2 protein chains.
Amino acid sequence: MRAMEELQALLGPQRVLSAEAERRLYASDETPRACTPEAVVFPRTHEEVAAIVQWANRHRVPLVPRAAGSGNVGGALPVPGCVVVGFECMDQVLEFAPQDRYIVVQPGVITEEIDRIARTAGLMYAPDPGSGAYCRIGGNLAMNAAGPRCVKYGATREHVLALRAVAGDGRELRTGARTSKYATGYDLTRLLVGSEGTLALITEATLRLIPAPERVAHLRACYADNAAACAACARVMQQPVVPAALEFMDRRSIEAIRAYGGAAGLPPGTAAVLLVAADGPYDDVPRQVERLAAALGGEGLIELQSGFSAAEIERLWTARRALSHAVKRIAPLKINEDVVVPVSRLAELVAAIDRLAEVHRIPLVAFGHAGNGNLHVNLMVHADDADEMARAHACRRALIETVLRLGGTLSGEHGIGSEKRAFVRLELEPDTLALMRALKQVFDPNGILNPGKKLPD
Amino acid sequence: MRAMEELQALLGPQRVLSAEAERRLYASDETPRACTPEAVVFPRTHEEVAAIVQWANRHRVPLVPRAAGSGNVGGALPVPGCVVVGFECMDQVLEFAPQDRYIVVQPGVITEEIDRIARTAGLMYAPDPGSGAYCRIGGNLAMNAAGPRCVKYGATREHVLALRAVAGDGRELRTGARTSKYATGYDLTRLLVGSEGTLALITEATLRLIPAPERVAHLRACYADNAAACAACARVMQQPVVPAALEFMDRRSIEAIRAYGGAAGLPPGTAAVLLVAADGPYDDVPRQVERLAAALGGEGLIELQSGFSAAEIERLWTARRALSHAVKRIAPLKINEDVVVPVSRLAELVAAIDRLAEVHRIPLVAFGHAGNGNLHVNLMVHADDADEMARAHACRRALIETVLRLGGTLSGEHGIGSEKRAFVRLELEPDTLALMRALKQVFDPNGILNPGKKLPD
């Protein structure tokens with residue numbers, strides 16, 4: 001096959017995987033699907049990425065970009081006949097400029113490594129996805145990843161100043177500037193962030209760093225029911241101290257943790273939990289804790305604890321850390337929704353989730369970044385139970401419809417990938433969607449980049 | 001003229017200005033140019049804007065959007081044969097949702113009015129352009145306007161959650177969501193912000209509101225020379241307390257203020273000034289002032305004053321408020337550049353501006369948002385002096401080249417409009433520019449919207 005030989009000539013045989021056993025290792029991401037790519041390539045430089053995209057256009061081979069492969073909506077899932085572009089070898093920090101509070105990285109750098117470097121100069125990289133210890137920034141940029149801190153600091157998009165990228169047609173782009181203000185060209189930077197590798201492959205990102213807080217404290221509030229926790233969440237988000245995290249676990253999450261044996265620290269009667277963080281100047285953090293505690297108090301509060309030391313904070317998060325293991329116990333497959341509603345509607349959403357679980361007879365476990373109104377709603381199912389899967393599908397659709405009726409959106413941080421495309425039409429109006437498709441056509445006229453992702457067919 | 005009759009049928013005769021004396025009132029903005037439009041129309045609703053754009057496509061009439069007309073790069077400047085779309089009558093606040101910290105406004109709402117409404121619920125709308133008392137939010141969105149507070153809070157783009165708009169081809173768009181997180185579609189919201197009315201006309205904007213600080217304080221630091229002030233600016237931006245404003249006036253600004261008689265409060269020997277703000281929790285503001293004062297200290301500092309009350313703050317800003325009147329005294333025409341460099345390069349930029357003023361024999365007055373590295377460099381000239389105008393043109397070009405060499409960008413907050421298009425090619429690479437043009441083509445295939453703005457020919 002001439003095309004593969006060209007690819008090997010471009011990158012050398014070491015950085016083109018073509019043996020089936022090797023390719024199969026890149027067949028899946030965190031979704032329960034797999035598709036073995038035709039090859040996996042590992043570029044090291046912007047120029048190599050450009051050459052790969054140009055090669056793909058000549059041979060009409062679809063490219064699927066992949067950073068760590070830790071996404072859970074199929075963003076990095078191979079499609080038939082594709083070549084996976086793995087960014088593992090583009091893991092260099094190109095420039096660290098603490099004096100101007102930015103860092104320039106290649107897409108393969110581990111997300112937490114960026115924060116670690118920033119901390120050496122008293123700075124921080126704010127976005128903190130749960131997979132931060134092993135995910136790579138290229139995937140964060142593709143999906144507009146977020147995490148607990150984003151309730152105070154914003155998601156990935158809010159922390160990108162400039163990009164270097166290769167469009168789907170092979171053209172090389174530079175967007176934005178290294179300065180904190182920019183009003184020159186169209187804002188291609190934010191357009192590329194969250195575009196899930198369907199418009200361009202990002203080869204360099206200039207990320208904004210901010211001063212690291214002097215001190216962090218956490219609070220854990222245990223409630224008698226979901227409604228009390230949701231009401232407290234709304235109160236927290238309506239007073240002036242913006243928390244540095246505001247996480248929620250619903251009744252079924254607590255039940256799962258209890259069944260797993262991880263609820264030792266929770267007082268009896270706990271049916272919902274909020275985990276809240278404060279950060280800032282050393283002397284201001286206790287004041288923040290006081291105000292957050294006042295907002296967390298109220299009907300249904302069973303226990304409120306706070307902690308300032310690393311050990312105390314770890315203890316407050318014990319039950320939360322048990323959650324993902326606990327959830328896996330319930331059913332082998334979880335379909336993970338990532339819906340968002342305005343915070344004032346969270347109580348309605350949580351109540352609706354309870355009803356949906358009953359109506360559709362599907363165990364639903366809901367937890368997540370409640371301060372943003374962003375809940376991960378997990379449908380716990382068995383893939384081999386056709387009736388259950390049909391009920392789960394109806395339940396998902398009803399959930400999405402509820403979220404949209406509450407003024408919300410399909411995805412807060414996971415993105416659309418291949419797994420949520422069927423629902424995009426419920427949210428985006430036909431003309432808006434048509435315009436997005438036309439933009440895709442401008443960047444990628446041959447449809448080379450990550451086909452079958454982000455936008456519905 | 002059949003087309004004009006259609007327009008009158010659409011809006012009624014009261015909202016279509018066609019008499020020359022009336023049209024002439026909309027011939028210019030804050031640039032020293034004028035071009036009388038064929039008509040001025042005042043839509044009241046999204047639907048009317050859609051009908052106007054569809055009308056313009058049928059008759060191939062260029063539309064120039066105009067909010068307050070207070071921009072200074074020609075963004076709202078009419079082009080020959082155009083119809084001006086004035087947003088004065090779209091001045092309704094459609095929804096104020098303090099519980100979810102957003103407000104939905106039409107484009108004709110006065111910017112400060114949004115902040116005023118937010119304050120009634122303890123919130124604030126952060127972007128604070130100098131023209132805030134009379135500019136309209138539609139213009140802010142078009143240009144990605146900013147102001148002193150943006151060094152801490154970000155520019156307009158960082159405060160927009162969702163938009164409703166009419167694309168150049170007449171298609172109606174809804175972008176983003178009312179939630180604080182969004183990862184569903186492509187980010188058309190941020191793409192439209194700063195696109196200067198060349199892609200779509202914004203008819204509704206959902207703006208993010210944040211808690212208003214409990215207290216504000218200001219500092220004024222007077223320095224013996226530009227270099228000392230620039231060094232202090234860099235020190236401020238390298239310590240952890242991010243100021244809520246960091247404004248700079250250079251030696252020639254101070255000279256102009258003295259000549260105007262507005263320097264009464266400045267100590268002798270002052271040749272450069274920094275104005276700095278702190279805001280936040282009541283008890284934390286004095287601590288911030290202390291830390292900012294420490295960073296402002298150092299070689300060349302002549303005097304440092306701080307103020308917490310409205311009267312004290314007003315006094316510290318007296319010289320700054322005299323500046324625009326003082327500058328007008330020097331020469332009738334000012335060409336206002338709006339360049340940005342990384343903060344650590346500000347001292348180099350200011351030194352280069354001094355040299356350029358001498359080499360080209362053009363009085364240059366530089367001041368602005370130094371915390372963002374954003375300086376307004378005013379070239380003071382006489383439009384009827386051909387030799388001076390030629391020198392000014394060479395000086396502008398040399399300034400832009402210097403800024404780009406220092407890693408900066410053409411415009412921080414004023415945008416490009418018609419006045420800076422000639423320099424865009426110096427900053428944007430040809431392929432990136434070609435892609436921006438292709439995006440323009442997608443939104444506006446007939447080139448109806450604001451032709452001759454933003455992108456170079």
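Bear in mind the structure is a predicted one, so any value in this text is a computation, not a measurement. Throughout, a chain's letter reflects where its sequence line sits, starting with A, and its residues are numbered from 1.
Contacts between A/Ala434 and chain B at a heavy-atom distance below 4.5 Å involve backbone atoms as well as side-chain atoms. Contact of A/Ala438 with chain B is made through backbone and side chain together, with heavy-atom distances under 4.5 Å. Proximity to chain B (any heavy atom under 4.5 Å) is restricted, for A/Asp100, to the side chain, taken from C-beta onward. Using a 4.5 Å cut-off between heavy atoms, A/Leu455 touches chain B through its side chain atoms alone. Looking at A/Glu172, only its backbone comes within 4.5 Å of chain B, counting heavy atoms on both sides. The part of A/Glu196 that comes within reach of chain B is its side chain, from C-beta onward, which places non-hydrogen atoms under 4.5 angstrom from that chain. With a threshold of 4.5 angstrom between heavy atoms, A/Gln238 approaches chain B through its backbone and through its side chain. Contacts of A/Gln99 with chain B are made by both backbone and side-chain atoms, with heavy-atom separations under 4.5 Å. Contact annotation for A/Val341: only backbone heavy atoms (N, CA, C, O) come within less than 4.5 Å of a heavy atom of chain B.
Rounding to the nearest 0.5 Å gives a distance of 6.5 Å between OG of A/Ser180 and CE of B/Met237. Interatomic distance, CG of B/Leu375 versus CG of B/Asn372, reported as 10.5 Å (0.5 Å rounding).
Ion pairing of B/Arg291 with A/Glu214 is present here, as a side-chain N (NZ or NE/NH1/NH2) and a carboxylate O approach within less than 4.0 Å.
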